[in-house]
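Single-structure report; data block below.
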Amino acid sequence: MTIPNDLVCLSHLRWAFVFQRPNHLMSRFAERQRVFFVEEPVYDEGPERMESVEALPNLFVCTPHLRSETTDVEPIQRALLERFLREREVHRPLAWFYTPMALPLIANIDAPLVVYDCMDELSAFRGAPPRLVEREKQLFARANLVFTGGQSLFEAKRAQHAAIFPFPSSVDAAHFRAARTPGQEPDDQRDIGRPRLGFFGVLDERLDVELLGSLARARPNYEFVMIGPIVKISDSDLPRLPNIHYLGPKSYADLPAYIAGWQAALMPFALNEATRFISPTKTLEYMAAGKPIVSTAIRDVVSPYGEAGLVRIADAASFPAAVDAALATDSASHQQACDQALEKTSWERTWAAMNELIARVARNRSLANCERGTDSCSTI
């Protein structure tokens with residue numbers, strides 16, 4: 001068999017939320033085939049429907065709209081998706097999952113290849129559905145290929161599937177390298193004093209809010225810039241101090257302009273179940289921007305980046321001193337070391353390696369079908 005011409009991606013993350021792993025990979029698939037990015041439903045008072053927007057050439061963001069009083073949503077979602085794919089003449093697509101909870105949606109769809117890109121341990125996140133663990137077992141049984149978002153997650157899942165491969169977070173280095181050349185300051189950052197230490201990402205239960213507050217109190221002359229949406233925690237959970245500045249979410253395109261005005265980058269993650277297996281994409285993005293980095297002891301950051309001296313690893317007690325040391329970093333030597341580390345890393349390489357594995361599975365399935373006499377051997 002050949003790789004299907006169409007890809008249906010079922011995601012718990014919305015396309016326009018934060019530009020991250022699904023966006024990087026799906027936009028590259030869309031350069032070669034149609035991609036239908038299926039989001040979780042939204043609820044309103046209009047008719048039940050699937051709305052589709054072409055976010056990029058060949059990439060369609062598909063959002064189910066359900067009535068607010070709907071309770072048993074899966075059968076309706078499944079019917080909407082099946083009808084939508086028939087109307088778009090999608091036949092035998094590659095099914096790509098980011099959430100196991102969406103598995104029932106393809107129950108009646110002939111998907112010859114199924115990929116599970118397990119980018120996080122979702123069951124450890126706040127508000128995770130109780131059925132998620134069981135659904136993931138079912139998805140492992142259905143998937144032809146499983147990718148993991150980091151080495152530690154791979155080690156935790158490797159016994160659950162015969163064809164599982166680690167693909168740690170990658171980077172669009174050229175995009176973030178623009179932060180090394182300061183330009184016009186964004187309006188909402190221009191008047192913030194220096195030195196500035198910044199963070200961008202989702203502000204949720206993975207952020208160590210106590211560490212952030214104690215750090216800001218320990219270094220009252222430093223300014224802390226926090227960029228990103230607040231999710232699953234309350235605004236009141238965040239420390240409010242004169243030198244902490246919450247600027248809200250920013251577009252992926254605008255991030256380099258903000259980072260350019262920082263003197264160091266932070267990853268003050270809590271060490272909890274939600275962060276046990278994370279592989280933060282921002283590690284490499286900060287490196288591409290050339291900024292010295294201070295992080296808590298996230299396993300996939302400690303190895304390899306902490307061990308290589310590219311990230312300073314600190315706990316609550318040592319974080320202020322680590323920040324001081326980061327601000328004293330020699331920029332030229334640090335940027336050279338970062339460039340060497342990033343030389344063989346890119347989302348394009350990650351996509352190509354994943355695509356080659358998909359092609360290999362397709363070839364192997366063709367060969368197996370030929371040996372059973374159930375398929376044509378013309379694609380071998």
Side-chain angles (χ1 to χ4, degrees), residues 16-20 171-204 206-231 233-269 280-296 311-312 314 316 319-332 334-335 338:
F17 175 52
V18 174
F19 201 91
Q20 52 188 304
V171 64
D172 181 349
H175 180 75
F176 286 93
R177 199 169 283 127
R180 300 186 187 186
T181 306
Q184 184 174 353
E185 281 265 28
D187 290 343
D188 54 353
Q189 185 172 272
R190 183 180 300 120
D191 295 331
I192 296 174
R194 295 170 186 259
R196 297 182 195 140
L197 300 106
F199 169 92
F200 66 77
V202 181
L203 308 182
D204 59 15
R206 293 171 293 178
L207 178 69
D208 190 334
V209 294
E210 292 183 1
L211 171 59
L212 177 61
S214 66
L215 180 60
R217 285 188 290 270
R219 294 295 184 269
N221 295 326
Y222 295 174
E223 305 295 331
F224 298 88
V225 177
M226 306 296 290
I227 289 175
I230 301 170
V231 177
I233 62 173
S234 170
D235 186 81
S236 61
D237 292 329
L238 296 171
R240 297 290 172 176
L241 294 163
N243 59 335
I244 304 180
H245 310 271
Y246 299 100
L247 303 188
K250 306 299 176 185
S251 73
Y252 181 74
D254 290 339
L255 287 177
Y258 283 90
I259 303 170
W262 302 351
Q263 282 65 63
L266 303 178
M267 295 197 294
F269 288 112
T281 305
K282 63 180 61 59
T283 311
L284 283 76
E285 293 170 342
Y286 290 160
M287 287 167 57
K291 300 301 176 182
I293 308 164
V294 184
S295 174
T296 49
V311 177
R312 286 179 170 80
F319 220 100
V323 166
D324 296 341
L327 291 174
T329 298
D330 178 77
S331 295
H334 176 68
Q335 289 177 3
C338 288

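Computed over heavy atoms, backbone and side chain alike; hydrogens, waters and symmetry mates excluded.
- With a 4.5 Å cut-off on side-chain heavy atoms, T283 and S295 do not count as touching.
- To the nearest 0.5 angstrom, K282 atom NZ is 4.0 Å from F269 atom CZ.
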Walk me through whether M226 and L212 qualify under side chain to side chain contact (heavy atoms under 4.5 Å, CB included).
CA-CA 10 Å; M226 306 296 290; L212 177 61; 3.8 Å; yes
Show me, pair by pair, the donor-acceptor contacts under 3.5 angstrom made by side chains of residues 286-294, not counting sequence neighbours?
unit_1, atom_1, unit_2, atom_2, d
Y286, OH, F200, N, 3.1
Y286, OH, L266, O, 3.2
K291, NZ, W262, O, 2.8

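- Counting heavy atoms from C-beta outward, E285 and H175 have side chains that stay 4.5 Å or more apart.
- Of the inter-residue distances, the one linking L247 atom CG with D254 atom CG reads 12.0 Å to the nearest 0.5 angstrom.
- The distance from the CD atom of Q263 to the OH atom of Y222 is 10.5 Å, given to the nearest 0.5 Å.
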Check the pair K250, D188 against side chain to side chain contact (heavy atoms under 4.5 Å, CB included), reporting the backbone distance first and the verdict last.
CA-CA 11 Å; K250 306 299 176 185; D188 54 353; 2.6 Å; yes
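- Contact between A178 and P256 at its shortest, heavy atoms only, is CB-CB, 4.3 Å.
- Shown here for R217 and P220, the closest heavy-atom pair between the two residues is O-CD, 3.4 Å.
- Atoms CZ and OH, on R196 and Y258 in that order, are 11.0 Å from each other to the nearest 0.5 Å.
- Across all non-hydrogen atoms, the minimal contact from L241 to G213 is CD1-O, 3.6 Å.
- E210 CD: 12 or fewer foreign heavy atoms inside a 6.0 Å radius.
- Residues L215 and P320 share a closest heavy-atom pair of CD1-CA, 3.8 Å.
- Closest approach of N243 and A216 over heavy atoms only: ND2-O, 3.0 Å.
- Between F176 and Y252, the gap from one ring centroid to the other is short of 6.0 Å.
- Of all non-hydrogen atoms in Q189 and A257, the two that sit nearest each other are NE2-O, 4.3 Å.
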Could you give me the CA-CA distance, side-chain angles and deciding distance for V231 and F17, then say whether side chain to side chain contact (heavy atoms under 4.5 Å, CB included) is met?
CA-CA 11 Å; V231 177; F17 175 52; 3.8 Å; yes
Any chance you could lay out the side chain to side chain contact (heavy atoms under 4.5 Å, CB included) test for L238 and L207, step after step, and finish with the verdict?
CA-CA 9 Å; L238 296 171; L207 178 69; 4.1 Å; yes
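- Taken from CG in D237 to CD1 in I230, the straight-line distance is 9.5 Å, to the nearest 0.5 Å.
- For E223 (side chain) and R194 (main-chain N/O), no donor-acceptor pair under 3.5 Å exists by modelled atom type.
- Interatomic distance, D324 CG to R312 CZ, rounded to the nearest 0.5 Å: 10.0 Å.
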